[in-house]
Each structure stands twice: as structure tokens, then as C-alpha cells.
Visitor: 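Sending over a structure as C-alpha cells; questions will come in a sec.
Basis for what follows: all heavy atoms, side chains included, without hydrogens, waters or symmetry-related copies. One-based numbering, in listed order, for ligands and for the atoms of each.
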Amino acid sequence: MNFADPRDANYIASANKSHASALATDYAALGAQLQRRGINIEEITRKVAEFRVAIPSWGVGTGGTRFGRFPGPGEPRNVFEKLEDCGVIHKLTGATPTVSLHIPWDRTDDFTALREHAAALGLGFDAMNSNTFQDQPGQPLSYKYGSLTHTDPAVRAQAVQHNIDCITFGRTLGSRALTVWIGDGANFPGQSHLGRAFERYLESMTSIYKALPNDWRMFIEHKMYEPAFYATVIQDWGSSLMAAQALGPKAFCLVDLGHHAPNVNIEMIVARLVHAQRLGGFHFNDSKYGDDDLDAGSIEPFRLFLVFNELVEAELANAANFSPAHMLDQSHNVTDPIESLMTSAIELQRAYAQALIVERAKLHEYRMGNDVLMAAQTLKRGFTTDVAPILAQARFSMGGAIDPVGAYRDSAYRQRCAQARPGKQSLGGGIV
Ligand code: LRH
Ligand code: MN
């Protein structure tokens, strides 16, 4: 089997050769179609090429559930190998130049070396993620009954210190944000005082907030349930927004698409957080039932489009304090994580491009005239337009692959990793 480095520019250029003329034809045809709508395709392609989404370090290994995890061949065995796989995703898509780390899963003794390793792969670091939802070997105090909201101040202090350590590691790496998701909550009515738990949360987060460098942001991630199955301290966007407004201007709300009850109008939540000037960013994924962490756009692509429609509306309105950090947060249980992350990044670009080509002036007119059907049709036309040539042209213009999955498979990178990364893959349950 002959291997090729899918990160190599010459390899990508040769892989593109067989696709270039078809792309040129399709791109010209779409350009003509959009021209008739008064839309300049080059402008859209430029904006799509500028779109960036961070890769979750925990997403390049095979994910699992409590029932089991079935690791694939050539799994990354440490954060350095995880970055090598992230390098492949970025080179082939041109859209993922940063990685979001999770501590202690990505803990290393030499974060400077990690920063240099990433730089050599053309990568940087997005938000750091703390973890006080698991106990680590040798950890003095358990998080069984909570972390930042635990009734025992010593446990809260331990959790606060962990978050401050994540900031310290992140400063070495050049990260500029800390994402705080905690599983704290209750499984039974009566187990915890709902009000005081939130007050303990604010007290702990205030200590973490004080440790934030001036140019950092803190992202508060809400989640309806799991691991708590009756009440979660930061259960919804309302609790998250109350906390962000109580903490200060560096605190923002992060929307993980899988953290809501079925049928919740997530694009409405986005519109409200934009209005409140507290939209910090996203964990993109998709789901049908719970926090399924499936590939973005794989179940509800129209919902993803409607989220990006709110982001484009905010961009066009020059919304204040609006610079959301885009990140993927997925669990790849049955696909090659590299392929899933590449196609998911592209699904975000697709939703963005579809939202960008909506005929806004017409839409405004129909809305103001309460021509309901034409307003809905005008918005939907963005979603029903096949923007694939724009996405491929954007990749091509960034030195990426016109067909990233094809180029990746032809490089036999995974097979090479299977040889280069021997060693037992840990079985058993759990998300990573
Ligand atoms: C919680 C969550 C959070 C991460 C974890 C891996 O469900 O979305 O963002 O820390 O997944
Ligand atoms: Mn998340």
C-alpha cells in the first residue's frame, strides 16, 4: 500500500487535478444562477473561505457511550498525535486552523513543546475546556455530588483551582478563552436547594473570572440534563445568561446544539443572546433525541441553516460584541473521526453559504408587508440552493482538497497510522 501525506500541498494539488474542470463548470453555472438574483458568487466564496471552526481534540479519537466504545485502527494515543490528525483535517478543508483542548484529557508536561508542535502543523488553539465532571486518579476530593456548586467549600476550591490551571496552560498555548461546562445537579427532587446551588456556582465562577487575563473570554455552557437527571444547575440559556451578566463583560454564553429539549427553537435562543451581546460561541453537532453528539447537519440541516441565518442577520446588522467562537463538539462512534470532522466543518460552511445567499431586501419587504408565504419561501430558497461549488471553490482557493474525503482515503493515512500507532486500544464504555 503506498502512503502519501494528506497534509502535503503537492499531494493535494495532484488530488485536485481530476476534479478541477468539473468544479469550474459547476461554479460558473451557480455563479450565473446567483447573478440573476443579484448575488456576486465571488463575494460569497470569499466569506466562506474566511469561515473558521475549531476541532475538539476529544473528537479525533473514536467516541463511545456508556454501553461501549469500539476504537478504530490508528487511534491517536496522546495529544501530540491528536494534533497530527487535526493537521490533516485543516490541510484538506482549509477551515479548521485551531484546536480546542480538554484538560486533563490533553494534559502534558510541556505545553510549550505542544504549542511548537501545533505551529509546525499550521495549528493554533481555541478555547480550553475544563473537566470537573470526572474524578482523576489520586484526586483528593470527589466530584460525585458536584464541583463548582458542591456543598463542601473544599471541593469547590479544588474545582476552581482546576479551572485556573486550565487558564495557565491556555496562556502558554496562546488560547484566549475558557469553556466551563459542569454536570452539577440533582437526580431527585429534594436532593439540592436549587437557588443556593446557583449562588454557589456564581461564587465559584467569580473566583475563576478573577483569574482571567484581560484579553480572555469565559464561555458558560448550559445543558438540560445528563449526567444529572432531575435538575442541572446551568440547565438552560436563561441560567447561563443570568450568570454571564452577573459575572462581568468577559463572560459569555456558549450554545451546544445538543443540550436542549427536542423541538426547542435554538435559533431563537441565538437571536436573544445576540441581542443581549452575550453570544460567546457554539459547540456544533446534531441530535435527534438527547445529547447524541452526531455529525453537524446530519439530522437537522434546516435547523443548522436557521442558526446561521441568525448569525448572518447579526453580521449584517453589525451587532455589538458579536464574535462567536465556532467549535465542533461531536462523538464519532461508528465513522472515521477525521472524515466526520472534515464533512462536519463543511456542513457548517454549507449552512453559512446558504444563509449568505438569502435575498435579504426581498425578505424584508415580504416581512414588512406580512406576505408570509413569500417571506418563508424567500428564506427557504437559500437553503434549497445547492452551494456545493462555492464550498469546493473556497477549499480550492485555500489550498485544500476539492474532494477531501477522497484525497484522505487515497492517501491511506489511517492505514499508515494503524502501523505507526501500535498498542492496545482501550475498550469499555465512556465518551472518549
Ligand atoms: C458536555 C459537553 C461539554 C464537553 C463534553 C465533552 O456534554 O458538551 O462541552 O466538555 O461534552
Ligand atoms: Mn459541548
Visitor: Number the atoms of ligand 1 from 1 as they appear, then name those within less than 4.0 Å of a heavy atom of D291, with their elements.
Guide: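 In order of number, 7 (O).
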Visitor: So, 2.8 Å as the limit: is an N/O/S atom of H283 located closer than that to the Mn ion (ligand 2)?
Guide: yes
Visitor: Could you tell me which atoms of ligand 1, counted from 1 in the order shown, lie closer than 4.0 angstrom to a heavy atom of D256?
Guide: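 In order of number, 8 (O).
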Visitor: So, applying side-chain contact (heavy atoms from CB on, under 4.5 Å) with W237, which one of L279, V264, I269 is it?
Guide: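 Of the listed residues L279, V264, I269, the side-chain contact (heavy atoms from CB on, under 4.5 Å) partner of W237 is I269.
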Visitor: Counting both backbone and side chain atoms, is some N or O of N129 under 3.5 Å from an N or O of ligand 1?
Guide: no
Visitor: Within the structure, is a non-hydrogen atom of E226 found at a distance of less than 4.0 Å from ligand 1?
Guide: no
Visitor: Please work out whether the ring planes of W58 and H102 are parallel, tilted or perpendicular, with thresholds of 30° and 60°.
Guide: perpendicular
Visitor: Go through ligand 1 atom by atom and flag the ones less than 4.0 Å from a non-hydrogen atom of H283.
Guide: 9 (O)
Visitor: Could you tell me which non-hydrogen atom of N163 sits nearest to which non-hydrogen atom of S130, and how far apart they are?
Guide: OD1-OG, 2.7 Å
Visitor: With a cut-off of 6.0 Å (strictly less than), are more than 12 heavy atoms of other residues, nucleotides or ligands near CZ of R176?
Guide: no
Visitor: Decide side-chain contact (heavy atoms from CB on, under 4.5 Å) for D256 and D291; before the verdict, give the C-alpha distance in whole Å, the side-chain angles of both, and the deciding distance to 0.1 Å.
Guide: CA-CA 9 Å; D256 184 314; D291 187 19; 4.2 Å; yes
Visitor: In sequence, state the C-alpha distance, the side-chain angles, and the governing distance for Y27 and T45, and then conclude on side chain to side chain donor-acceptor pair (under 3.5 Å).
Guide: CA-CA 10 Å; Y27 189 69; T45 304; 2.7 Å; yes
Visitor: Counting only heavy atoms not in R416, do more than 12 sit closer than 6.0 Å to its CZ atom?
Guide: yes
Visitor: In degrees, rounded to 10 degrees, what angle do D329 atom OD2 and D256 atom OD2 make at the Mn ion (ligand 2)?
Guide: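 The two atoms form an angle at the metal of about 100°.
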Visitor: List the atom of E310, the atom of A271, and the distance in Å for their closest heavy-atom pair.
Guide: OE1-CB, 3.5 Å
Visitor: Against heavy atoms of E221, which atoms of ligand 1 measure under 4.0 Å?
Guide: 2 (C), 3 (C), 8 (O), 9 (O)
Visitor: Using distance alone, determine whether W58 and ligand 1 share an N or O pair under 3.5 Å.
Guide: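 No.
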Visitor: Within 2.8 Å of the Mn ion (ligand 2), is there any N, O or S atom belonging to E221?
Guide: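 Coordinating: yes.
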Visitor: With respect to D293, determine whether any N or O atom, backbone or side chain, lies less than 3.5 Å from an N or O atom of ligand 1.
Guide: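 In this structure, D293 places no N or O atom under 3.5 Å from an N or O of ligand 1.
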Visitor: If you measure every N or O of H102 against every N or O of ligand 1, does any of those distances drop under 3.5 Å?
Guide: yes
